[in-house]
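Please read these numbers as outputs of a predicted model, since none were measured by experiment. Convention: sequence-line order gives letters A, B, ...; per-chain numbering from 1. Just so it is clear, the values below take in all heavy atoms, side chains as well, and ignore hydrogens, waters and symmetry mates.
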There are 2 protein chains.
Amino acid sequence: MSPRADAARNRAKVLDAAQQVFTADGLGASTEQIARRAGVGVGTVFRHFPTKEALLSAVLAARLETLADDAERLADAADPGAALFDFLTRTVEASSLKIAYADALERAGVGTDQVVAPVRERVTKAVGTLLDRAQRAGAVRDDVAVGQVFAFIHGASRAVPRIADDALRSATLRMMFDGLRPR
Amino acid sequence: MSPRADAARNRAKVLDAAQQVFTADGLGASTEQIARRAGVGVGTVFRHFPTKEALLSAVLAARLETLADDAERLADAADPGAALFDFLTRTVEASSLKIAYADALERAGVGTDQVVAPVRERVTKAVGTLLDRAQRAGAVRDDVAVGQVFAFIHGASRAVPRIADDALRSATLRMMFDGLRPR
DNA sequence: GGACAAACGGAGTCACCACTCCGTATCGTC
DNA sequence: GACGATACGGAGTGGTGACTCCGTTTGTCC
């Protein structure tokens with residue numbers, strides 16, 4: 001039995017609103033704020049996502065989903081080195097003003113969450129492929145593991161968005177990821 | 001008029017407890033928890049630090065103080081390159097299990113806080129000196145600014161402590177800071 | 001278009017937390 | 001050791017936020 005049309009619509013609206021609000025105000029944002037943004041009552045939010053944590057998981061899963069899409073799209077690029085670094089740069093830049101993103105990633109790292117786990121695996125695999133190809137092409141050190149790439153993404157996502165100046169920011173980002181390249 | 005002996009003692013106990021509790025449970029930890037840990041009443045906590053934010057600032061200032069001490073101690077090391085990288089490594093490793101530390105640093109970056117500002121300047125200057133010497137010795141790229149070094153510290157503090165394996169963690173750290181070295 | 005299930009809204013509940021207030025204890029001074 | 005000043009403890013207050021409950025609305029199916 002598929003859900004009623006309005007239910008599906010509202011679920012999407014809530015997820016969307018949650019993403020925006022978490023991004024703007026951090027993970028501490030209240031459920032009511034999210035409900036208001038979505039144009040629904042709090043009851044509706046809680047019907048779709050029984051706890052705040054469940055909502056966060058869902059938001060996170062959605063983000064990881066697009067991350068995986070990105071990585072998979074780049075899997076057969078002509079220049080594997082460029083592909084990996086492009087991916088890294090875009091991933092971090094995309095989360096520029098989004099503090100919540102890094103927090104969510106952090107959460108993902110710990111929780112053996114039911115919702116998040118499968119998507120997480122997909123991302124790991126896709127990034128693993130990018131990494132592998134980049135290494136084979138000699139663009140990345142041989143001794144780098146996927147986990148370390150995620151550590152780089154995590155760290156850069158945290159640190160780099162704080163830099164206001166555009167040029168300086170992208171320079172710092174490039175510099176940071178340079179640590180992955182062979183010497 | 002200097003403060004009464006018990007007052008000074010309690011102030012120190014609270015500051016110490018706050019540091020421990022924030023470190024263990026994050027910035028969301030309650031004031032009562034801190035009071036209990038310090039072995040004093042909540043009233044005492046608030047008498048010494050009128051708001052929770054003031055307490056956080058004080059904790060942060062204390063941390064920055066030791067950071068500055070570290071940096072200044074290394075200012076005339078024989079090998080400037082090693083000195084800078086030592087400092088970076090130790091700073092991050094020292095904050096290993098301390099999530100609160102990175103949060104606090106983040107806060108420091110934003111706030112033009114009365115308590116924190118002067119210490120901040122001291123740290124910046126000391127690290128600036130280390131950086132300068134390392135650059136002159138050819139151990140660090142010429143185009144690196146102090147702000148970028150802080151970004152690296154910030155990012156690494158966030159990302160690296162998540163790695164459980166000791167060897168892998170320090171390898172990642174080294175790799176991350178390698179981005180600062182000339183190519 | 002009527003009937004029934006599914007979903008909605010939002011006032012209400014409960015727990016928690018920053019912060020206050022004041023009777024009591026401790027310190028420093030003579 | 002006595003006395004005033006200073007600091008302490010912790011019950012109390014106000015506000016906020018996650019989550020519940022139920023009377024009302026909306027979608028769907030015949």
Side-chain angles (χ1 to χ4, degrees), chain A residues 1-60 99-100 103-104 107 111 113-115, chain B residues 1-61 99-100 103-104 107 111 113-116:
Chain A
M1 193 77 167
S2 77
R4 244 170 61 171
D6 55 347
R9 211 180 321 125
N10 278 334
R11 191 179 195 283
K13 280 199 287 186
V14 169
L15 207 51
D16 204 56
Q19 217 162 119
Q20 290 178 36
V21 172
F22 282 148
T23 295
D25 297 359
L27 270 357
S30 75
T31 314
E32 203 180 316
Q33 212 176 328
I34 292 166
R36 216 178 310 127
R37 176 71 151 247
V40 303
V42 268
T44 300
V45 175
F46 281 102
R47 198 167 322 102
H48 288 293
F49 306 95
T51 65
K52 201 190 179 185
E53 218 178 61
L55 179 54
L56 225 194
S57 286
V59 170
L60 172 59
I99 300 168
D103 274 320
R107 203 174 190 86
D113 194 334
Q114 292 297 330
V115 183
Chain B
M1 193 78 166
S2 75
R4 245 169 63 173
D6 55 348
R9 211 179 322 123
N10 279 334
R11 192 180 195 283
K13 280 200 287 187
V14 169
L15 206 51
D16 203 56
Q19 216 161 121
Q20 290 178 36
V21 173
F22 282 149
T23 295
D25 297 359
L27 271 355
S30 74
T31 313
E32 202 180 315
Q33 214 175 327
I34 292 166
R36 215 178 311 127
R37 177 70 151 247
V40 304
V42 268
T44 300
V45 175
F46 281 102
R47 199 166 322 100
H48 288 293
F49 306 95
T51 66
K52 201 189 180 186
E53 217 177 64
L55 178 53
L56 225 193
S57 285
V59 170
L60 173 59
I99 300 168
D103 274 321
R107 205 177 186 84
D113 195 333
Q114 291 297 330
V115 182
V116 169

Measure [atom1]/[X] against [atom2]/[N] and give the value in whole Å, please.
{"X": "B:Glu32", "N": "D:dG12", "atom1": "CD", "atom2": "P", "value": "13 Å"}
{"X": "A:Ile34", "N": "D:dG17", "atom1": "CD1", "atom2": "C1'", "value": "12 Å"}
{"X": "B:Leu56", "N": "C:dA18", "atom1": "CG", "atom2": "P", "value": "11 Å"}
{"X": "A:Arg4", "N": "C:dC8", "atom1": "CZ", "atom2": "C1'", "value": "8 Å"}
{"X": "B:Leu55", "N": "C:dC17", "atom1": "CG", "atom2": "P", "value": "15 Å"}
{"X": "B:Lys13", "N": "D:dG9", "atom1": "NZ", "atom2": "P", "value": "8 Å"}

Of the non-hydrogen atoms in A:Ala58 and A:Phe49, which two are nearest, and what is the gap between them?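 That would be CB-CE2, 3.6 Å.
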With respect to the side chain of [X], which nucleotide from [options] is positioned closest?
{"X": "B:Asn10", "options": "C:dC8, D:dC8, C:dG28", "value": "D:dC8"}
{"X": "A:Phe46", "options": "D:dT20, C:dA18, D:dT6", "value": "D:dT20"}
{"X": "B:Lys52", "options": "C:dC19, C:dA7, D:dA7", "value": "C:dC19"}

Could you state the interatomic distance from [atom1] ([X]) to [atom2] ([Y]), rounded to the nearest 0.5 Å?
{"X": "A:Leu55", "Y": "A:Gln19", "atom1": "CG", "atom2": "CD", "result": "10.0 Å"}
{"X": "A:Ile34", "Y": "A:Asp25", "atom1": "CD1", "atom2": "CG", "result": "9.5 Å"}
{"X": "B:Leu60", "Y": "B:Glu53", "atom1": "CG", "atom2": "CD", "result": "11.0 Å"}

Is any side-chain heavy atom of A:Arg9 less than 4.5 Å from a side-chain heavy atom of A:Asp6?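 Answer yes - side chains close enough.
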Please examine the side chains of A:Gln20 and A:Thr23, heavy atoms only from C-beta on, and report whether any two atoms are closer than 4.5 Å. no
Short side-chain N/O contact to D:dA18 OP1/OP2 from A:Thr31, under 4.0 Å: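 For D:dA18, OP1/OP2 do have a side-chain N/O of A:Thr31 under 4.0 Å.
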Hey, is the side chain of B:His48 poking within less than 4.0 Å of OP1 or OP2 on D:dA7, counting only N and O atoms?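 No, outside the criterion.
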Nearest nucleotide by nearest heavy atom, which residue falls closer to the 5' end of DNA chain C, B:Phe49 or B:Arg9? B:Phe49
Select base, sugar-phosphate, or nothing to describe what A:Ala29 touches, counting heavy atoms under 4.0 Å on all strands. sugar-phosphate
Between the protein and nucleotides 10-16 of chain C, list the N/O to N/O atom pairs that are separated by less than 3.5 angstrom.
{"from": "C:dG10", "atom 1": "N7", "to": "A:Gly43", "atom 2": "N", "distance (Å)": "3.3"}

Between A:Asp6 and B:Asp6, which residue's closest nucleotide on DNA chain D lies nearer the 5′ terminus? B:Asp6
Is B:Lys52 reaching over with its side chain to a backbone N or O of B:Ser30, donor-acceptor style, under 3.5 angstrom?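 No, the answer is negative, given that no donor and acceptor are paired below the 3.5 Å cut-off.
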